[in-house]
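Scroll down for the structure; my scribbles are underneath it.
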Amino acid sequence: MKIVLATSNANKLTELARILEHQGLKIELATVAEFPGAPAVAETENTFEGNALLKARALCSFTGLPALADDSGLCVNALNGMPGIFSARWAGATQDTDEANLQLVLRQLTDVPDVRRGAQFVCAAALVLPDGQEFTVRGTVEGRLILEPVGDYGFGYDPIFIPDGFAITTAQMDALEKDAISHRGNALRAMALILEELI
Ligand code: ITT
């Protein structure tokens with residue numbers, strides 16, 4: 001089975017491919033870059049699953065191949081679950097760098113004490129097949145946010161997120177350590193069970 005990964009985020013693409021390859025499935029992976037003219041998809045739904053489905057449906061219909069999308073983000077308790085689905089553009093569409101987004105969250109939490117700095121990474125993965133079948137799964141990882149970024153691995157909000165049960169951020173973990181506990185790892189391991197059935 002050949003599956004096209006519906007993301008234009010290079011960091012997410014690396015993790016998706018790495019985690020799927022680690023599952024040992026008999027699948028071949030393709031990327032959006034291999035399909036010039038693939039449509040950019042507006043994320044107009046209000047759930048991770050809804051937006052993941054929009055991205056997977058668009059690429060499945062453009063390529064004629066099964067498409068797998070990831071919609072993910074950081075949900076901060078003290079911000080009522082935000083940035084959530086807005087994680088990639090939290091600092092605004094014109095300054096949507098990982099660094100600007102992370103710094104804005106830190107500023108918003110300036111007066112929030114340690115005991116109320118809980119947060120959760122969420123990943124919804126959607127698989128859409130050319131015959132119209134659709135599947136979604138969700139993976140999460142609970143943790144807390146620290147005061148200053150620490151660590152050079154990963155991307156996005158990793159340098160400020162310490163998962164429960166750990167003393168280091170996900171940006172201090174190597175790839176396999178992060179995949180073993182991450183929201184994306186958890187979602188894709190659930191999706192791998194569905195893929196195995198389909199294959
Ligand atoms: P595509 O829609 O093309 O896949 P995107 O970057 O717009 O790319 P999302 O809408 O799913 O993707 O936004 C995901 C954002 O959530 C991402 O830019 C990070 O800021 C954050 N995020 C997701 N997974 C993360 C992780 O493993 N570590 C750190 N931050 C993460």
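The model shown is predicted, which means the values in this text are computed figures rather than measured ones.
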Measuring from atom [atom1] of [X] to atom [atom2] of [Y], what distance do you get when rounded to the nearest 0.5 angstrom?
X: L79; Y: W90; atom1: CG; atom2: CH2; value: 6.5 Å
X: L145; Y: R116; atom1: CG; atom2: CZ; value: 12.5 Å
X: T136; Y: M191; atom1: OG1; atom2: CE; value: 7.0 Å
X: C123; Y: E49; atom1: SG; atom2: CD; value: 9.5 Å
X: I3; Y: L127; atom1: CD1; atom2: CG; value: 6.0 Å
X: R18; Y: L188; atom1: CZ; atom2: CG; value: 11.0 Å

Any side-chain to backbone donor/acceptor pair from [X] onto [Y]? Under 3.5 Å, distance only.
X: E34; Y: T31; value: yes
X: K12; Y: D70; value: yes
X: R189; Y: A180; value: yes
X: N51; Y: E45; value: yes
X: Q23; Y: I19; value: yes

If I compare all heavy atoms of [X] with all of [Y], which pair ends up nearest, and what's the gap?
X: S87; Y: Y157; value: O-OH, 2.7 Å
X: L59; Y: L5; value: CD2-O, 4.0 Å
X: A91; Y: N101; value: N-OD1, 2.8 Å
X: T169; Y: D158; value: CB-O, 3.4 Å
X: A56; Y: V128; value: CB-CG2, 3.6 Å
X: G139; Y: N186; value: CA-CB, 3.9 Å

Can you get from [X] to [Y] by hopping between Ile, Leu, Val, Met, Phe, Trp and Tyr side chains that sit under 4.5 Å apart?
X: I146; Y: F166; value: yes
X: M173; Y: I160; value: yes
X: V105; Y: V141; value: yes
X: F155; Y: F161; value: no
X: I27; Y: L16; value: yes

Side chain to side chain, [X] and [Y], heavy atoms closer than 4.5 Å:
X: E21; Y: L29; value: yes
X: L102; Y: P159; value: yes
X: R138; Y: V122; value: yes
X: P66; Y: C60; value: no
X: E43; Y: I85; value: no
X: Y153; Y: K178; value: no

Self-check item: Salt-bridge contact R144-D114 (side-chain N to carboxylate O under 4.0 Å)
Solution: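 Salt bridge absent between R144 and D114.
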Self-check item: Output field: ring centroids F35/F62 closer than 6.0 Å
Solution: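 Judged by ring-centre distance (under 6.0 Å), F35 and F62 do not meet the cut-off.
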Exercise. Kindly determine whether I199 and E196 satisfy side chain to side chain contact (heavy atoms under 4.5 Å, CB included), including the steps that lead there.
Key: CA-CA 5 Å; I199 293 164; E196 255 171 30; 5.7 Å; no
Quiz prompt | Intermediate values then yes/no, side chain to side chain contact (heavy atoms under 4.5 Å, CB included), L195 and L20 | solution = CA-CA 10 Å; L195 284 166; L20 281 174; 4.2 Å; yes
Practice problem: For side chain to side chain contact (heavy atoms under 4.5 Å, CB included), just list the numbers for H22 and L176, CA-CA rounded to whole Å, side-chain angles, deciding distance to a tenth of an Å, and then say yes or no. | Solution: CA-CA 10 Å; H22 202 72; L176 290 184; 4.1 Å; yes
Quiz item: So E15 and N11, side chain to side chain contact (heavy atoms under 4.5 Å, CB included) or not? Walk me through it.
Solution: CA-CA 6 Å; E15 290 198 1; N11 292 303; 6.0 Å; no
Exercise. Over 60° means perpendicular and under 30° means parallel, so classify the ring planes of H183 and F121, tilted if in between.
Key: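 If you compare the ring of F121 with that of H183, the planes turn out parallel.
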Exercise. Report, as yes or no, whether the 6.0 Å neighbourhood of atom CG on D131 holds more than 12 heavy atoms from other residues, nucleotides or ligands.
Key: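 More than 12 within 6.0 Å, yes.
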Quiz prompt | Heavy atoms of other groups near D174 CG, more than 12 under 6.0 Å | solution =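 Yes, because the 6.0 Å sphere around CG of D174 holds more than 12 heavy atoms from other groups.
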